[in-house]
Each structure stands twice: as structure tokens, then as C-alpha cells.
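One structure is given here, and the rest of the page talks about it.
Numbering of ligands and ligand atoms starts at 1, following listing order. We're numbering straight along the sequence, starting at 1. Side-chain atoms are counted along with the backbone in the values below, which use heavy atoms only and exclude waters and symmetry mates.
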Amino acid sequence: MIRTAVTEDLQLQVLRGRAPHNADESALIHGTVTQIERYASGVTILRICVEQGCKFAYKPGQYIEVKASDGRFRCFSLATSCLHEGCIELHIRRVADGLFSDRTVRGIERGDVLSWRGPFGDFGLHSDTVSKCAVFLCTGTGFAPVRAIVEEAFSRGWTRPMSLYWGGRTEDDLYMRDVVHSWTRTHGNFQFIPVLSRVGTDADAPRRTRVHEAVLHDFASFADVDVYACGAPAMVATAREALSSQRGLREEAFFADPFGATAPACATASNNVDVAQIKVNGIAYAAPLNESLLGALRCRGVAIPSVCGGRGACGTCLVEIDAASRARLPPPSRDERELLECLPEATDCSRLACQIRVDASTSGLALSVP
Ligand code: FES
């Protein structure tokens with residue numbers, strides 16, 4: 001029986017008991033959800049067994065694109081170094097009231113079948129470099145590909161020192177730290193430095209700062225270090241800049257996978273859907289309802305950057321809401337507020353276009369896109 005989980009602007013086709021049969025799906029890989037773990041931080045871990053007859057292989061650090069019923073794809077890194085008993089593992093962080101990661105993933109059950117394409121990407125382990133040690137930086141579910149890469153290093157018998165700096169707001173964000181602690185016990189060349197941006201009571205006594213600042217503090221020079229970074233693009237960009245300019249990191253020794261995703265496609269941009277009138281830089285656009293502001297305006301040709309694909313993780317979709325229009329919008333969620341606080345260019349009028357839903361009350365909104 002086909003079950004379709006409806007989200008605000010994304011529908012993930014979830015099928016029970018059989019694979020989808022749409023004409024264009026012959027190249028997709030299908031798998032059955034066999035295990036679901038939900039963490040307090042809002043991260044869900046899915047283990048998905050590849051269906052018999054589907055050939056699927058990947059390199060640690062790569063990602064796949066999971067297919068949605070409206071034809072759109074969401075990107076997720078593969079979180080183990082290889083198939084474990086024929087299964088892949090995905091780490092999915094919930095974005096408040098959002099899209100795929102919230103409503104759809106919340107409804108997934110064991111036995112559901114998902115479809116994806118890939119693998120993609122060239123983020124991965126580089127054994128051929130001359131550096132004497134490796135530093136892994138990640139935030140949140142940026143841990144997923146890092147886990148795959150570190151496991152690969154262990155299996156290749158790496159003896160060079162490896163340090164993992166995993167950042168989050170609270171200890172809950174470091175949702176798999178028991179796995180990482182087990183690495184420290186079994187591999188003398190590996191150390192784990194948890195980094196939290198909020199004060200807490202974690203027995204691990206992690207550092208209270210940001211990931212790149214912790215690394216800057218610990219290393220006088222990066223001339224002989226390889227850096228692998230995965231997480232929010234802002235973190236990746238800041239780390240790269242700071243480590244290069246202040247610690248001599250070589251460009252060829254920085255390997256990164258900022259959270260990337262395909263840009264939201266125009267799902268409902270036909271001319272006969274209900275629209276809200278929205279002014280951007282003084283020009284009026286008819287934006288389809290029930291889209292994110294980001295998706296709705298991009299449907300109408302407004303160029304708004306979106307590195308994270310609308311996941312509320314990158315801050316590149318920043319827009320300035322006219323003061324007179326602000327009352328039309330509900331206040332930002334805690335997640336949006338916290339990301340805005342991290343963006344130096346954000347003002348009191350700034351919002352993330354991917355986090356605003358276009359509805360009837362949005363009509364008349366005026367904003368500017370830098
Ligand atoms: S598109 Fe990344 S935060 Fe909005």
C-alpha cells in the first residue's frame with residue numbers, strides 16, 4: 001500500500017512493502033527502513049537496507065539524494081564507511097516545522113521503502129597527502145560523513161594522529177558521542193574534543209566555544225595538518241579562512257563538505273494557484289501560497305542564494321523585511337533566531353527566506369534581497 005506523507009512544501013513518497021513503479025525510477029536505488037533511532041536533539045537516524053537486486057556502492061564521505069513524491073530530492077550523507085549488512089545509515093536533523101526533516105521523517109516507520117539516487121560527491125579520505133596528522137571539524141549532523149571517513153581511516157590502519165572536534169549547542173547535539181568515545185578507547189592515535197556553544201553540565205567537560213576557535217586555540221600551526229570539515233557552510237567557511245590566515249593551513253590540505261542540497265524546485269508555480277503579492281526590491285511578484293518564501297520567489301525568478309537547500313542551516317537566503325511589513329510575519333523560530341545571531345550581516349529586520357511560509361497573510365509583504 002502506498003502511503004504518502006504530506007509536508008508543507010515537500011512530499012516524500014513512502015511506500016510500504018514494494019518499490020515505486022514510476023516510469024523514470026528504473027535508475028533509482030530502493031531500500032527498506034529497518035531501524036529508526038530518534039534523539040533528543042531532533043536527530044533521527046535511519047538504517048535502510050538496500051533492496052535485493054539493487055546494486056549500490058559508495059565511498060566514505062559521499063552523499064545520496066532521497067527522492068520525494070513531487071520529484072524533488074533531499075541530500076543526505078552516508079554515515080558509515082561501507083554497507084553494514086547491506087544497509088546504509090542516514091542522520092537527519094529536524095528543522096522546526098519543516099519540510100522533509102520534520103513532518104515526513106517523524107512519520108516514517110520500519111518497513112517503509114525509500115528511493116534514492118547517487119552516490120555523489122568527492123568528500124573523502126585522502127591517504128596520499130604528506131601531512132602528519134588530520135583534524136576533523138563538524139557541527140551537528142555534519143558528523144555523519146565524518147564518521148564514515150574516520151571509520152575508513154581506522155580500517156586502513158592509519159597511525160597518524162587524528163583529532164575530532166564536534167560542535168553543537170548542547171551535549172544533546174553530539175548525539176553519537178558514545179560511538180566516538182569508543183574510538184578513543186580503541187585507537188590510541190584518536191582524540192575527541194566536544195565543543196559546545198552553550199553552558200551545560202556535560203560530564204565530558206567540553207569546551208564552551210565554537211569549533212574553529214577551539215581548533216585555533218589548540219594548534220599553533222596547520223602547516224602539517226589535513227583538515228576535514230563538514231557542517232554549516234558558515235562554520236566551514238569561517239574555519240577555512242581562520243586556519244589559512246592565522247595558522248598557515250595549505251589550501252590543498254582543506255577538504256570540506258558544507259551542507260549542500262539541491263535548490264528547492266518550483267513545485268506549484270503554475271499560474272492558476274493562489275498567490276500572495278510580494279514586493280522584492282520594489283518589484284511586485286505573485287508568489288504561490290504554501291511554499292517557503294525562498295521557493296516561491298525563486299519560482300518567480302528572484303535570485304536568492306541557498307547553499308543548504310532551504311534547511312535553515314546556511315544563512316545564505318538572508319532577506320531584509322521592510323519595517324512596515326514585519327508585523328505580517330510570525331516571529332522567527334528559535335533555530336532561525338540562533339542562526340541569524342551568527343550572521344554578522346544580519347540586522348533586526350533580517351529573516352531567512354527559507355523559514356518563512358507564504359500564505360494569505362503574507363500578501364503585501366515588502367522586502368529587499370541584497
Ligand atoms: S537556504 Fe540555507 S538557511 Fe535558508
Are any side-chain N or O atoms of Y228 and backbone N or O atoms of H126, one a donor and one an acceptor, separated by less than 3.5 Å? yes

dist I88:CD1 -> Y58:OH (nearest 0.5 Å) comes out at 7.5 Å

Y175 and H91: aromatic ring centres closer than 6.0 Å? yes

According to side-chain hydrogen bond (donor to acceptor under 3.5 Å, both in side chains), who are the partners of T209, at least two apart in sequence or on a separate chain? E213

Can you list the residues that meet the side-chain hydrogen bond (donor to acceptor under 3.5 Å, both in side chains) rule with R240, with sequence neighbours excluded? none

N, O or S atoms of the protein lying under 2.8 Å from atom 4 (Fe) of ligand 1: C317 SG, C354 SG

With R326 via side-chain contact (heavy atoms from CB on, under 4.5 Å) - residues at least two apart: I321, D348, C349

